[in-house]
Amino acid sequence: LRRALRAPRAGHDADDALSAKGRRDALALRDLLADDAPQLVVVSPDRAAIQTALLALAPTRLVAHDAATPAHASIPLDLQLEFGAAVDFGACRDDDRPPLVDLVTPRTLARRVFALLSFVKHRPESHVALVADAAVLDALVSQAAAQPSASRPF
C-alpha cells in the first residue's frame, strides 16, 4: 500500500501527519481489506505511513523498517514514543550509526527493495503487507517485473 496523503506542508519529513483525505482513504482501505488482513505489516518509519497502516490494517502487527523509505532519515524520538506500543521499531537503524544511503538513486532504491524482501523472506508470517513511500513501492514493482523469477521465493 502506498501511504495515504500527507497534510500539506512545505517539504515533508517523518513528522508529517495524514491529511483529512488521507485518513478517509485509509479507512476506506480497511473496508476493502477486511476479509484479507495480513499477518504482518512492514511500514515506513514515518508518521503518515504508520497512521495509514494503523487506520487501514489495525490490529495487525506493525514493524517499521527503514528500507521502506527512499532515503535515510533518523527516527524522531516523539514518533517512537507516540507509536511505540503499536509499532516495533527494531528494524530501524539507530541515529548514531551512519546512514545506509544519502541519495535516492535507482541503485539505492534497488538495495532498499532487496533489504525489504530479505527481511520479509526471513519472517515467519506468510501474509505480509507493505506500507511505504511511492518511490520504494515503484522500485519493488519494477524489480519484480524485470526479474519475476527472483521474486518468486518471496
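Nothing here was measured: the structure is a model prediction, and the numbers come from that model.
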Any donor-acceptor pair under 3.5 Å from [X] side chain to [Y] backbone:
X	Y	value
Thr60	Pro38	yes
Arg30	Leu55	yes
Ser118	Ala115	no
Gln51	Leu18	yes
Arg24	Ser19	no

Heavy-atom distance under 4.5 Å between the side chains of [X] and [Y], does that happen here?
X	Y	result
Val136	Thr69	no
Val42	Arg123	no
Leu140	Arg112	no

Measure the spacing between [atom1] of [X] and [atom2] of [Y] and express it to the nearest 0.5 Å.
X	Y	atom1	atom2	result
Asp66	Phe119	CG	CZ	10.0 Å
Phe83	Asp78	CZ	CG	9.0 Å
Ile50	Glu82	CD1	CD	8.0 Å
Leu62	Leu57	CG	CG	7.5 Å
His127	Asp36	NE2	CG	4.0 Å
Leu130	Leu40	CG	CG	10.0 Å

Where is the tightest heavy-atom contact between [X] and [Y], given as atom of each residue plus distance?
X	Y	answer
Leu29	Ala56	CB-CB, 3.9 Å
Thr52	Ala26	O-CB, 4.0 Å
Pro45	His65	CD-O, 3.3 Å

Test salt bridge (charged side-chain N to carboxylate O under 4.0 Å, His left out) applied to Asp88 - qualifying residues, sequence neighbours left out: Arg61

